[in-house]
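For clarity, every value in this text was computed on a predicted model and none was experimentally measured. When a ligand or atom number is given, it counts from 1 through the structure's own listing order.
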Amino acid sequence: MKTFVPGFPRMGLHRELKFAMESFWKGTASASELLQLAKELRLRHWNIQKEAGLSTVATGDFSFYDHVLDTAVMFGLIPERFSDLSFDSPETRLTSYYKLARGDQQKGIPAMEMTKWFNTNYHYIVPEICEKTQPKLSCLDIINQTQEALDAGYTPRPVLVGPITLLALSKSVSEEPYDIWNQLWPLVALYEKVLAELGTLCEWIQIDEPILCSDIPEAGKQNFQAVYQRLIAAAGNGKLLLTTYFDALDENRDLALSSGCAGIHLDLVRGASALDAILDAIPDSMVLSAGVVEGRNIWKNDFQKSLDTLNKIKGKLGEDRMMVAASCSLLHSPVDLSEETALDETLKSWMSFAVQKCSEVQILADLLSGKPREAEFEANQKAIHSRRESTRVHNPEVSARMAGISEDAFHRAHAYPIRKQAQADLNLPLFPTTTIGSFPQTDAIRKTRMAFRKKNISEQEYTEFMQNEIRMVVSRQEELGLDVLVHGEPERNDMVEYFGQQLSGFCFTQNGWVQSYGSRCVKPPVIFGDVSRPRPMTVEWSRFAQSLTNKPMKGMLTGPITILCWSFVRDDMERSEVAKQIALAMRDEVSDLEKAGIRIIQIDEAALSEGMPVKTRDHEAYLKWAVEAFRLTMACVQDSTQIHTHMCYSEFNKIITAIAAMDADVISIESSRSRMELLDCFVQYEYPNEIGPGVYDIHSPRIPSQEEMVGLLRIAASVIPKERLWVNPDCGLKTRHWEEVIPSLTNMVAAAKQIREEA
Ligand code: GLN
Ligand code: ZN
């Protein structure tokens, strides 16, 4: 029986690729050094797949930045502003490639845009298409790497982003309205050439069309059949494995099953419910690849459960017509669990990273075909049972509290207009000024946190350092004349990790990195059990900060959905339930902050829209429980306590109803770069509460002038009643430097004064 994983993490066990690309960007490593490392990594990763016993190894899944960008480059989808770039020699290719991804600083050419890959935390580069785009082949890395694998003695299975998904994820950059689907057939002609060549090199070619599990544009649907007819013919002896993941096929089932492809890959973790219908409808000529091992988390597969599924497929189709696989590319899971030397042994015995997942796939296939792997099966089931029954996972107090949540717990005592009156004694001027929470995180701050973690300094030394930092940040804000102050978050390395470390039910890996975008990797906390808050987490810092000033000090928390979205979440409970548990824990913190005299509490939900399911029809249900979790977190406060939330992205159209339903008194959003355009949907919706549209782009070191910010505020004030407008930067200032922050905020406060006078 054929086995495989749809892709392997590319960064390397010790994030070697990250460091190598960053050295290349700095100029401290040459192109050939980077190319050499890449080659070593590919060989290492193929070897892992082969050692596990998998039938084929993925090729073309490696990337120097992002595989969607690679696909765009392969087909010559180079934006016009980069038309000077050369992709001829291996050296210029790398330099040019990184200019696309990161922009050309010298010439001031902005990078291509980046956005989230479906509902993962991986970001891809958005291909740009206009009427002038002329697709042409260049940089055939996928063919070279497939040849490279063959030469090294592996059986390659090239992985290619399919044309329908590629176009569905591209954006039109024409001045005039332009239908990017006009480029479909020119692109297909190029796909044919690539497939023709790959077809001579290998038996199976994996063509990824995850858009089939999401909302496929009408043009993609209309042309699907015809496109695949041509691709299949072009691939000759190469068999196409139409690969779908992240959800069930559902309404696109017939489209996929009648594509004529030799095989179909299904994500049977996130799309398990659809299996029966597929088994009934799958044509005799088609092989089914069963993605039973989750590629997106760190949990051990439950072999018994997977075998039940696999046996069902085997019963219907027979072994010859099936493959066993991971649900999706392992790009989204960390590399190797055996590196986790500090992880608690019990918790570790419940987990599985990419290397282990490769083995799981193979063991399952062996078990299915009756090969002797009983020892592995038993060890697996022992771990599964230990986790299922563990008292470390299940906390009766949390279950009891969950069961007893009353309807009231989700609603503030009164509606916003009444609360507004109760908050009048905050004495805020029109257009109150504030910041989003963090101030520049200097080396000294990072070193002190590190020294404390390593126990090189005492708790008292640590606290004194942080208090001095807070003192400095508070006095600078007073000098600047800001109206609502923050403590600056010097004690936090990361807005989720900081809370995870203090909540029960979380654990942390040492090396569980996954790629977020380019060279950036994140190490998500693991939520393994019921979540609760043993003791206050931020109260002392906030109390201290408030004691230094008569101005209101904002308490600063991370919301339940953001904590959920940026963690590896347990898979034995609905995400909505986990969110509720986190909400209850954070609610205790909100209460304690209020008791400590903190009048304004901001609960950041930076990731609200990231958690959105891949199908639009599921959005509403998600937003309902996400909003409920937010409200559960904060609805316990008095009318006189002002609740803020903050979101730093720009797509509010789809979620504006949910944003309003969150019922925060004030929301701050990112908007400076879009020139307040994204206020439009708040205006159309008649957003009823207060709003702080960012006027200072914190992603850039540039210092915005007073006039510029006044300009933005005038736009805002022309559409939103002035009594409901705040003045703030787009997001936290932690990545900025004080030299930029002071003049920028000086200008921001001056801009607020000016607009107040105009009002
Ligand atoms: N309060 C956080 C900060 O200022 C918010 C960060 C975010 O939204 N990403 O850093
Ligand atoms: Zn933000």
Looking at residues at least two apart in the chain, or sitting in another chain, which of them share a ring-ring contact (aromatic ring centres under 6.0 Å, His included) with Trp513? none

Tell me if the CZ atom of Phe506 is crowded by more than 12 foreign heavy atoms within 6.0 Å. yes

Would Gln581 and Glu577 count as having a side-chain donor-acceptor pair, cut-off 3.5 Å? no

Tell me yes or no: between the side chains of Arg449 and Gln441, is some donor less than 3.5 Å from an acceptor? yes

Any sub-3.5 Å donor-acceptor pair from Glu128's side-chain atoms to Met112's backbone N or O? no

Classify the ring geometry of Trp738 against Phe439: parallel below 30°, tilted from 30° to 60°, perpendicular beyond 60°. parallel

Among all residues two or more places apart in sequence or in another chain, which pass the side-chain hydrogen bond (donor to acceptor under 3.5 Å, both in side chains) test with Glu469? none

Would you sort out whether Phe118 and His332 count as a ring pair (Phe, Tyr, Trp, His ring centres under 6.0 Å), showing the intermediate values? CA-CA 12 Å; Phe118 297 91; His332 313 289; 9.8 Å; no

Could you pull out the N/O contacts under 3.5 angstrom between ligand 1 and the surrounding protein atoms?
unit_1	atom_1	unit_2	atom_2	d
ligand 1	1 (N)	Ile436	O	3.1
ligand 1	1 (N)	Glu489	OE2	2.9
ligand 1	1 (N)	Asp604	OD2	2.7
ligand 1	4 (O)	Ile436	O	3.4
ligand 1	4 (O)	Ser438	N	2.9
ligand 1	4 (O)	Ser438	OG	3.1
ligand 1	8 (O)	His646	NE2	3.1
ligand 1	10 (O)	Ser438	OG	2.7

Keeping waters out of it, list the protein N, O or S atoms under 2.8 Å from the Zn ion (ligand 2). His646 NE2, Cys648 SG, Cys731 SG

Are any of the side-chain heavy atoms of Tyr622 and Asn119 separated by less than 4.5 Å? no

